[in-house]
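Just so you know, these numbers use all the heavy atoms, side chains as well, and skip hydrogens, waters and symmetry mates. Numbers restart at 1 for each chain; the letters A, B, ... are given by sequence-line order, proteins then strands. Note that this is a predicted model, so its numbers are computed, not measured.
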Amino acid sequence: MLKLLSSSSACLYAGRTCTRLCSSTSTSTTPTSPPFNLPLISELIEKQHWSEFKTHLKDSSFVTVARQLFDAGADSMIILRYFTWSQKDPKFTHPLELTCRLLHSLANVKEYPDIRAFLDRFVRSHENHSVSSIFHLLATGGSQFCANCVIVDMLVLAYVKNMRTRLGFEAFQRAGDYGFKLSKLACNPLLSGLVKENEIGCVEYVYKEIIRRRIEADLFTFNIVINGLCKVGKLNKARDITNDMKARGIPPNVVTYNSLIDGYCKMGGLGKMHKADAILKEMVAYNICPNEITFNILIDGFCKDENVASALKVFEEMKQGLKPNVVTYNSLINGLCCNGKLDEACGLRDEMLRFGLKPNIVTYNALINGFCKKKRMKEARELFDDIRNQGMAPNVITYNMLIDAYCKDERMEEAYALFHSMSERGVSPNTSTFNCQISGFCRQGNVGTARKFLDEMESRGLKADPITYNILIDGLCKGGKSRKAERLLNEMFKKGLSPSHVTYNTLMDGYCREGNMKAALNVRVQMEKEGKRANIVTFNVLIKGYCMKGKLEVANKLLNEMLEKGLIPNRTTYEVVKEEMMDKGFLPDIDGHLYNISRS
DNA sequence: ATAGGGTTAG
């Protein structure tokens, strides 16, 4: 078998010319082939008598035999069996032309489950045929148009199911070029895969094409698209699609509304919970009943909005008709912990135990985080030990929180001991784990050791992220080495990392502190060249820098520029301005803003 | 086949 394969591609092209030129009765392609006895060969394949099969065809390549089978009009199931058998050799590659021929022959006799299984293996195999070549051979293979539509539909599905979403998307596009009509059976999973991979641009494209190509869309189609748009904050578009579906006679359901509510909750900004609440009212008005998940989304939204009081109100409302679950409690416990209300958080933990709900690792992490932030390390550690007693295992987040807390408490050895023990327990450190420790060393002014951690992390195959660099840049700046810090920007670019606002602001702050306003302004220019507009922190840093140099006129000019750009001064701005400018007789034009700030 | 929770930098 194997030694014959090397010549298979030559055979393929010779064969193609041959089948085109000769009449269809031609069954023998090479003069050396033994006479082809279809009934006998078919029987041997069907009964899987492979050794006997080989003795009959010992000199023929796979391509030759396959072509003989096709040309002799063998049963498609027999040919499929032959293909499957030849796949036992993992290095074997079927010529794509024959694969397409097999697909056609299976489609013509409507053996759909077999096509599905075959394509599943096909996309998983190492044979990386390009989507365009597959389409080309399918379209020129002279099969019925409908057969091709089915095959392509199943091909898209096979790609998506096997995590080759990009290829699935490409096949979707090609299907449009060739005019092959797809079904929602392929399109819905494709959309779902694209959402999971955050390819929302592609999701929007596929949705538009589904409408344009008149592919039947169902409730799932719309919900997947709406969910994808909500996840990236494109709420207006999501609402438009909600209207589209209504117009097409598919009313939104609870899932649709949950996605929208979640979108508004995560959007951030002022009044977001008000908008989320408005959607809730709308859904109730349409007689769609909120479920546990609706409430979980709202509760989490209020918690993240630092409004635990409202979250608790919604929680009470939920208990009237629905049963809170672990996620509900986790959101509340986390909300309470982030606001330092540890007793109440523990109370809720006890309540969930009374209701027969078992705290999971997320519950523990929320509580541990709460204690860590209050520097109550002893209790945090007790909770950490309790995880194992409860038959669970701490995960990388648990470790990261504790390591970070020990570092912030300047207990670097304890942090390092945990760092060591996590590997022993089979939890691999990630970039954050290193960032916490790098940050710890920088805080102690030990940038050298911090830098060594970065190298150590990369030697373990973990990539530094922009945060790693922000930490190091901040460390160098605080040590009065802003020039050296600026060199790290180039290192970032070399690694394909793009500096964020934080990176530039940190560096500017460094130069400002050194009194080097010229260098600080240069950084701003560079930042804006990179398409990042100055934000509140940028202005705060620069204003403070000029104030410290006594250049209050320039500081005042910057303050006005900030207001003109619609940036609302925050507490830091207020403090800088108050201490440095107002006390020295400057009356910056931020009266109204000042009122808001002093109240907040 | 669609929905929910926890860590790091200014």
Side-chain angles (χ1 to χ4, degrees), chain A residues 157 160-161 184-193 195-196 218-228 230-231 252-263 265-266 290-301 303-304 325-335 337-338 360-370 372-373 394-405 407-408 430-440 442-443 465-475 477 499-509 535-538 540-541 570 572:
Chain A
L157 184 62
V160 173
K161 275 207 297 195
K184 62 185 177 189
L185 293 171
C187 294
N188 288 356
L190 171 64
L191 284 167
S192 170
V195 169
K196 277 201 193 89
D218 62 7
L219 181 62
F220 283 87
T221 320
F222 291 109
N223 279 350
I224 297 166
V225 175
I226 289 170
N227 180 247
C230 288
K231 272 209 172 107
N253 70 352
V254 61
V255 176
T256 324
Y257 280 103
N258 284 351
S259 293
L260 286 167
I261 294 173
D262 193 46
C265 285
K266 302 246 154 76
N291 62 14
E292 288 89 346
I293 292 173
T294 322
F295 280 99
N296 285 352
I297 291 167
L298 284 167
I299 288 170
D300 195 58
C303 285
K304 296 270 152 71
N325 60 20
V326 183
V327 176
T328 324
Y329 280 98
N330 285 350
S331 286
L332 284 165
I333 289 172
N334 187 46
C337 284
C338 288
N360 61 15
I361 188 63
V362 179
T363 325
Y364 276 97
N365 285 349
L367 286 166
I368 289 173
N369 188 32
C372 282
K373 292 278 142 69
N395 61 16
V396 63
I397 295 175
T398 325
Y399 281 104
N400 288 353
M401 289 185 309
L402 277 166
I403 289 172
D404 187 53
C407 286
K408 288 202 169 116
N430 59 19
T431 302
S432 295
T433 319
F434 280 93
N435 285 350
C436 294
Q437 293 178 93
I438 290 172
S439 166
C442 284
R443 217 174 286 121
D465 63 8
I467 297 178
T468 319
Y469 278 94
N470 291 349
I471 296 166
L472 282 170
I473 288 171
D474 189 46
C477 286
S500 66
H501 274 104
V502 182
T503 324
Y504 290 112
N505 290 343
T506 306
L507 190 54
M508 263 180 254
D509 191 41
N535 64 14
I536 301 177
V537 180
T538 318
N540 287 351
V541 165
N570 61 15
T572 311

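Taking only side-chain atoms of A:N334, from C-beta outward, the nucleotide of B:dG4, B:dG6, B:dA9 with the closest atom is B:dG6. Set against B:dA1, B:dA3, B:dT7, the side chain of A:N188 has B:dA1 as its closest nucleotide. Closest to the side chain of A:V255, out of B:dT8, B:dG6, B:dA3, is B:dA3. With B:dG10, B:dG6, B:dA3 as the candidates, the nucleotide lying closest to the side chain of A:N505 is B:dG10. Minimum atom distance to the side chain of A:I397 is reached by B:dT7, of the listed B:dT7, B:dA9, B:dA1. Of the candidates B:dT2, B:dA9, B:dG6, B:dT2 carries the atom nearest the A:F220 side chain, counting heavy atoms from C-beta on. The side chain of A:I467 sits closest to B:dA9 out of B:dT2, B:dT7, B:dA9. With distances taken from any side-chain atom of A:N369 to the nucleotides B:dT7, B:dG4, B:dA9, the minimum falls on B:dT7. In the set B:dA9, B:dG6, B:dA3, B:dA9 carries the atom at the smallest distance from any side-chain atom of A:S500. Candidate nucleotides B:dG10, B:dA9, B:dG4 were compared by shortest atom distance to the side chain of A:I293, and B:dG4 ranks first.
The CG atom of A:N258 sits 9 Å away from the P atom of B:dG4 (whole-angstrom rounding). Residue A:I473 contributes atom CD1, which lies 13 Å from atom P of B:dG10 at whole-angstrom precision. B:dA1 atom C1' lies 12 Å from atom CG of A:N227, rounded to whole Å. Atom CG in A:N430 sits about 14 Å away from atom P in B:dA9, given to the nearest Å. Whole-Å rounding puts the A:L402 CG to B:dG6 P distance at 18 Å. Protein atom CG of A:L472 is 13 Å distant from nucleotide atom P of B:dG10, rounded to whole Å. The nearest whole Å value for the distance from the OH atom in A:Y257 to the C1' atom in B:dG4 is 20 Å. In this structure, A:N360 atom CG and B:dG6 atom C1' are separated by 9 Å, rounded to whole Å.
Counting any heavy atom pair closer than 4.0 Å across all strands shown, A:K196 reaches no nucleic acid atom. Among the heavy atoms of the strands lying under 4.0 Å from A:V326 is at least one base atom, whether or not backbone atoms are also near. Across all strands shown, A:N540 has no heavy atoms under 4.0 Å from either base or sugar-phosphate atoms. Across all strands, A:I361 comes closer than 4.0 Å to base atoms (heavy-atom distances). Contacts of A:N535 with the nucleic acid, taken as non-hydrogen atoms under 4.0 Å apart, include base atoms. Base contact: A:D218 has a heavy atom under 4.0 Å from a base atom. A:K161 comes within contact range of no nucleotide atom at all, as no heavy-atom separation falls under 4.0 Å.
Looking at heavy atoms from C-beta onward, A:I471 lies in side-chain contact with A:C442 at the 4.5 angstrom threshold. Side-chain contact between A:N535 and A:N505 is present, with heavy atoms from C-beta onward closer than 4.5 Å.
Considering only side-chain N and O atoms, A:K184 lies nowhere under 4.0 angstrom from the phosphate OP1 or OP2 of B:dT2. Contact check, A:K373 against B:dT8: a side-chain N or O comes under 4.0 Å of OP1 or OP2.
Without hydrogens or angle criteria, A:N253 side chain to A:T256 main chain gives a donor-acceptor distance under 3.5 Å. Looking only at distances, no side-chain donor or acceptor of A:S192 sits under 3.5 Å from a matching main-chain atom of A:N188.
At a cut-off of 3.5 angstrom, the base of B:dG10 holds no donor-acceptor pair with the side chain of A:D509. Between the side chain of A:D474 and the base of B:dG10, no donor-acceptor pair under 3.5 Å is found.
Looking at A:S259 and A:D262, their side chains never bring a donor and an acceptor atom within 3.5 Å of each other.
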From CA spacing to verdict: side chain to side chain contact (heavy atoms under 4.5 Å, CB included), A:D300, A:V327: CA-CA 9 Å; A:D300 195 58; A:V327 176; over 6 Å; no
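Scanning for side-chain hydrogen bond (donor to acceptor under 3.5 Å, both in side chains) contacts around A:K231 gives A:N227, with sequence neighbours left out.
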